[in-house]
Amino acid sequence: MSSSDRSQAVGVNKSYEIRTYGCQMNVHDSERLSGLLEEAGYVPAPKDGDGADVVVFNTCAVRENADNRLYGNLGQLAPKKAARPGMQIAVGGCLAQKDRDTIVKKAPWVDVVFGTHNIGKLPVLLERARVQEEAQVEIAESLEAFPSTLPTRRESAYAAWVSISVGCNNTCTFCIVPALRGKEKDRRPGDILAEIEALVSEGVSEITLLGQNVNAYGSDIGDREAFSKLLRACGSIEGLERVRFTSPHPRDFTDDVIAAMAETPNVMPQLHMPLQSGSDRVLKAMRRSYRQERFLGIIEKVRAAMPDAALSTDIIVGFPGETEEDFEQTLHTVRESRFAQAFTFQYSKRPGTPAADMEGQIPKAVVQERYERLVALQEEISWAENKKQVGRTLEVLVAEGEGRKDEATHRLSGRAPDNRLVHFTRPDEPVRPGDVVTVEVTYAAPHHLLAEGPAKAVRRTRAGDAWEKRNAAPADKPKGVLLGLPTIGAPAPSPAPTAGCGCD
């Protein structure tokens, strides 16, 4: 959509709220939606206000109860809309793409329904619904414009998502996302690097490369080593201190990527590698194109190249047909992998996926018992792996909103290079989000580290300057493109059974 098309929708003096559910791709899309609405004249609704003039639901279709959750939230808004003349409600994202024909039937007070491929149309559709006084349902079957070409309202000044591809070519039987997001489309490397350079020039010091199958990057442009080349190119961008990526697929995790990670100083020693199951039989039923031996081989190579790397994963418990022997293979793989963290999920049916109709659906009680055993094992491993960090000196990038108890404990919080969460004693000198504090770890818990002694060093950064400048600016209407990791709308639910998009 051209800028002239977007300018047709004017929401001067109207406020908006975006409620985001699901994966990082949805969160990043919500940054674009915020940018579009602000370009069209809308302003963020005050957090302590009486509601917004426009409420946008950016939905996820990965979980079985996603539709129930959406319609429950829509039902709660119905009386508020009736009492607030001119209020509008829009529904977008994966669930909108899937249930395009039913949302307005079930919730006739919804004004706009849009899909994953045409998020740029939101302001126009809102204005059209207002003028014509009827719901606007517009779902594109293919991508209209790469999301990164749209204006963006990012929620942090020091860290940012950078999307390198959209869509997915995999056919995992538990995942509906490829059907809703479409086939993989890659951005040109020059466009990606130009975006990163622009972000760094505004003060961003950490970027996360984002794709629904991020390390398959290059398949659409015909270069099997495109992802490793992109990582190395990020290493030459002056001022870019930390590079991360999510979420890779074991099928596409090649030796050149491991070498690029190990040899590029600003690529962080962190890897999120979705396992899903340790059973070869279950992996085959899932249509996951690797087996346990291949997965453990990748882990071994990563650890050989980066001994201090922290590894995390996603695991589904109770996939149809999973036997006790299959589950024991998952436990074995977890023991061998020594993950610092695992996102564990009980299998839930996704309407429209092959797995939903498979025989051998596991009783809830069996799934729950296996899930609890897996969580207990991973908790034990996470704690043991974190204890190895005690006594180490770490550079922590100070974060905003990471430590819920920071005010009460007089601490600050941030992320180590390997992405472990670190709570540390507040230094005497002023420290801003985006600055870097060097601390010594004194205690380890399963899900965080603690540095109780005085800071060894505080490094004020351009990222901290950017945070300070941004927070000193008037908050009523941000200007231009804002930068960083988002915390848009209502808190998202637990991650889908894969980091990235729900399909890795």
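Computed from a predicted structure; not experimentally measured. The analysis underlying the following values was restricted to heavy atoms, covering all of them including side chains, and did not include hydrogens, waters or symmetry mates.
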Determine, stepwise, if the pair Y290 / F253 fulfils ring-ring contact (aromatic ring centres under 6.0 Å, His included). CA-CA 11 Å; Y290 56 90; F253 209 84; over 10 Å; no
Would you check if the side chain of E17 reaches a backbone N or O of V55 as a donor-acceptor pair within less than 3.5 Å? no
Indicate the atoms forming the closest heavy-atom contact of C234 with N266, along with that distance. O-ND2, 3.1 Å
Sorted by chain and residue number, the side chain to side chain contact (heavy atoms under 4.5 Å, CB included) partners of D280 (sequence neighbours excluded) come out as L283, R291, Q292
Scan residues 294-304 for pairs that pass salt bridge (Lys or Arg N to Asp or Glu O under 4.0 Å), counting only residues two or more places apart or in two chains. D255-K301
Taking every non-hydrogen atom, the tightest pair across A463 and G434: CB-O, 3.7 Å
Side chain of N73, backbone of R69: donor and acceptor closer than 3.5 Å? yes
When every non-hydrogen atom of A129 is compared with those of D111, the smallest separation belongs to CB-O, 3.7 Å
For the residue pair P354 and R287, establish whether any side-chain heavy-atom pair is separated by less than 4.5 Å. yes
Which residues pass the salt bridge (charged side-chain N to carboxylate O under 4.0 Å, His left out) test with R100, sequence neighbours left out? E141
Would you confirm whether S312, through its side chain, and Q341, through its main-chain N or O, come within 3.5 Å as a donor-acceptor pair? no
Between Q136 and E134 (side chain of the first, backbone of the second, donor and acceptor by atom type, cut-off under 3.5 Å), is there such a pair? yes
Please walk me through it: do W161 and E31 pass side-chain hydrogen bond (donor to acceptor under 3.5 Å, both in side chains)? CA-CA 10 Å; W161 305 113; E31 292 183 326; 4.5 Å; no
Expected output: side-chain N471 to main-chain W467 donor-acceptor under 3.5 Å: yes
Is there a side-chain contact between V257 and L231 (heavy atoms, below 4.5 Å)? yes
Can you sort out the partners of R188 under salt bridge (charged side-chain N to carboxylate O under 4.0 Å, His left out), two or more places apart, ordered by chain and number? none
When you measure from the side chain of S413 to the backbone N and O of G401, does any donor-acceptor pair fall under 3.5 Å? no
Atom CG of L311 and atom CG of L275: how far apart are they, to the nearest 0.5 Å? 12.0 Å
Taking the side chain as C-beta and beyond, is there a heavy-atom pair between R420 and R415 under 4.5 Å? no
Sequence neighbours excluded, which residues qualify as side chain to side chain contact (heavy atoms under 4.5 Å, CB included) partners of V113? A96, I103, V104, V110, V137, I139
Is the closest side-chain donor-acceptor distance between T246 and H272 under 3.5 Å? no
Residues which pass side chain to side chain contact (heavy atoms under 4.5 Å, CB included) with S219, listed by chain and number, not counting sequence neighbours: N169, E184, D186
Quick check: does any side chain N or O of S228 sit under 3.5 Å from a backbone N or O of A260, one acting as donor and the other as acceptor? no
Can you list every salt bridge (Lys or Arg N to Asp or Glu O under 4.0 Å) pair that touches residues 230-248, not counting sequence neighbours? E206-R244, R232-E263, E241-R459
What I'd like to find out is whether the side chain of V437 reaches to under 4.5 Å of the side chain of L412, using heavy atoms alone. no
Could you tell me whether the side chain of E138 reaches within less than 4.5 Å of the side chain of N118, counting heavy atoms only? yes
Would you mind reporting whether P44 and S15 have side-chain heavy atoms less than 4.5 Å apart? no
Decide yes or no on side chain to side chain contact (heavy atoms under 4.5 Å, CB included) for S34 and Y42, but give the supporting numbers first. CA-CA 9 Å; S34 294; Y42 296 83; over 6 Å; no
Of the non-hydrogen atoms in E202 and A466, which two are nearest, and what is the gap between them? O-CB, 3.4 Å
Would you call E468-R470 a salt bridge at under 4.0 Å N-O? no
Quick check: does any side chain N or O of N419 sit under 3.5 Å from a backbone N or O of Q270, one acting as donor and the other as acceptor? no
Who pairs with F57 by ring pair (Phe, Tyr, Trp, His ring centres under 6.0 Å), at least two apart in sequence or on another chain? none
Is the closest side-chain heavy-atom distance between I315 and S277 below 4.5 Å? no
Answer with yes or no whether the side chains of Q389 and E385 bring together a donor and an acceptor at under 3.5 Å. no
Rounded to the nearest 0.5 Å, what separates atom CZ in R350 from atom SG in C172? 10.5 Å
Report the C-alpha distance between H249 and M273 in whole Å, list the side-chain angles of each, state the deciding distance to 0.1 Å, and finish with yes or no for side chain to side chain contact (heavy atoms under 4.5 Å, CB included). CA-CA 7 Å; H249 193 295; M273 180 73 78; over 6 Å; no
Heavy-atom closest pair (I221 atom, A226 atom, distance to 0.1 Å) is CD1-CB, 4.3 Å
So CG of L70 and CG of D99: to nearest 0.5 Å the spacing works out to 8.5 Å
side-chain hydrogen bond (donor to acceptor under 3.5 Å, both in side chains) for N170 and R251? Distances and angles first, verdict last. CA-CA 10 Å; N170 292 320; R251 182 195 66 187; 2.8 Å; yes
Verify side chain to side chain contact (heavy atoms under 4.5 Å, CB included) between F227 and I164, making sure each step is shown before the conclusion. CA-CA 9 Å; F227 186 62; I164 68 172; 3.9 Å; yes
Quick one: ring pair (Phe, Tyr, Trp, His ring centres under 6.0 Å) partners of F319, sequence neighbours excluded? Y347
Drop me the distance from S201's OG to I196's CD1, to the nearest 0.5 angstrom. 12.0 Å
Counting only N and O atoms by type, is there a donor-acceptor contact under 3.5 Å from the side chain of D435 to the main-chain atoms of T461? yes
For the residue pair C175 and T353, what are the closest heavy atoms and their distance? C-CG2, 3.6 Å
Rounded distance [0.5 Å steps], CD in Q88 versus CG in L126: 5.0 Å
CZ/F114 to CG/L33 distance, rounded to the nearest 0.5 angstrom? 5.0 Å
Please tell me whether N58 and T20 have a donor and an acceptor in their side chains that are separated by less than 3.5 angstrom. no
So ring pair (Phe, Tyr, Trp, His ring centres under 6.0 Å) across residues 202-225, not counting sequence neighbours, yields none
Applying side chain to side chain contact (heavy atoms under 4.5 Å, CB included) to D465 and not counting sequence neighbours gives R432
Partner residues of R462 under the side-chain hydrogen bond (donor to acceptor under 3.5 Å, both in side chains) criterion, sequence neighbours left out: none
CA sep, side-chain torsions, deciding dist, call: R19, V56, side chain to side chain contact (heavy atoms under 4.5 Å, CB included): CA-CA 6 Å; R19 302 185 185 183; V56 182; over 6 Å; no
